[in-house]
Amino acid sequence: MQPKRWRFEVPGTSKQTFASLLGQPNDSELSTFVKNGAYYTVQGFDTNELFGLNLSDYESQLTKAFKRQGASQMIGECVTVRYKPSTMELSVSGYAEIVGGGSNECVIM
């Protein structure tokens, strides 16, 4: 199966919140981040770190099992985080794959 892209946006996000999500809580001016045009973009950020999960939580929190079909939908290991300070808009995007096809077991990649 082909990966399916997903994205969510969070309006009204402060610079401090953006920096904290990416592990820099003391950088409220975003001086450690690279700005490209109007956006600060971080590609390849670890999904578990962003959502505050350890590996044992990963399977239960970021995988959805469809027990009748014997398949699961699993969020990828990395996400892209974008922040536009002028509008205070945060967006997170990534992909999810359908895995399995004969078992109710979740597959961790």
From [X] atom [atom1] to [Y] atom [atom2], the distance as rounded to the nearest 0.5 Å:
X   : Y   : atom1 : atom2 : result
Y39 : E89 : OH    : CD    : 5.5 Å
W6  : S93 : CH2   : OG    : 7.0 Å
R5  : Y95 : CZ    : OH    : 9.0 Å

Check the hydrophobic clustering (I, L, V, M, F, W, Y; side-chain heavy atoms under 4.5 Å; chains of links allowed) and say if L90 and V34 are grouped together.
-> no
Scan residues 19-33 for pairs that pass side chain to side chain donor-acceptor pair (under 3.5 Å), counting only residues two or more places apart or in two chains.
-> D27-S31, D27-T32
Derivation and outcome, side chain to side chain contact (heavy atoms under 4.5 Å, CB included), residues Y83 and V10 | CA-CA 10 Å; Y83 180 65; V10 182; over 6 Å; no
Heavy-atom distance under 4.5 Å between the side chains of L22 and F33, does that happen here?
-> yes
Do R82 and K84 have side chains that get closer than 4.5 Å, going by heavy atoms?
-> no
Where the side chain of T80 meets the backbone of Q43, is there a donor-acceptor pair that is under 3.5 Å apart?
-> no
Show your reasoning for whether side chain to side chain contact (heavy atoms under 4.5 Å, CB included) applies to V92 and F45.
-> CA-CA 10 Å; V92 179; F45 195 76; over 6 Å; no
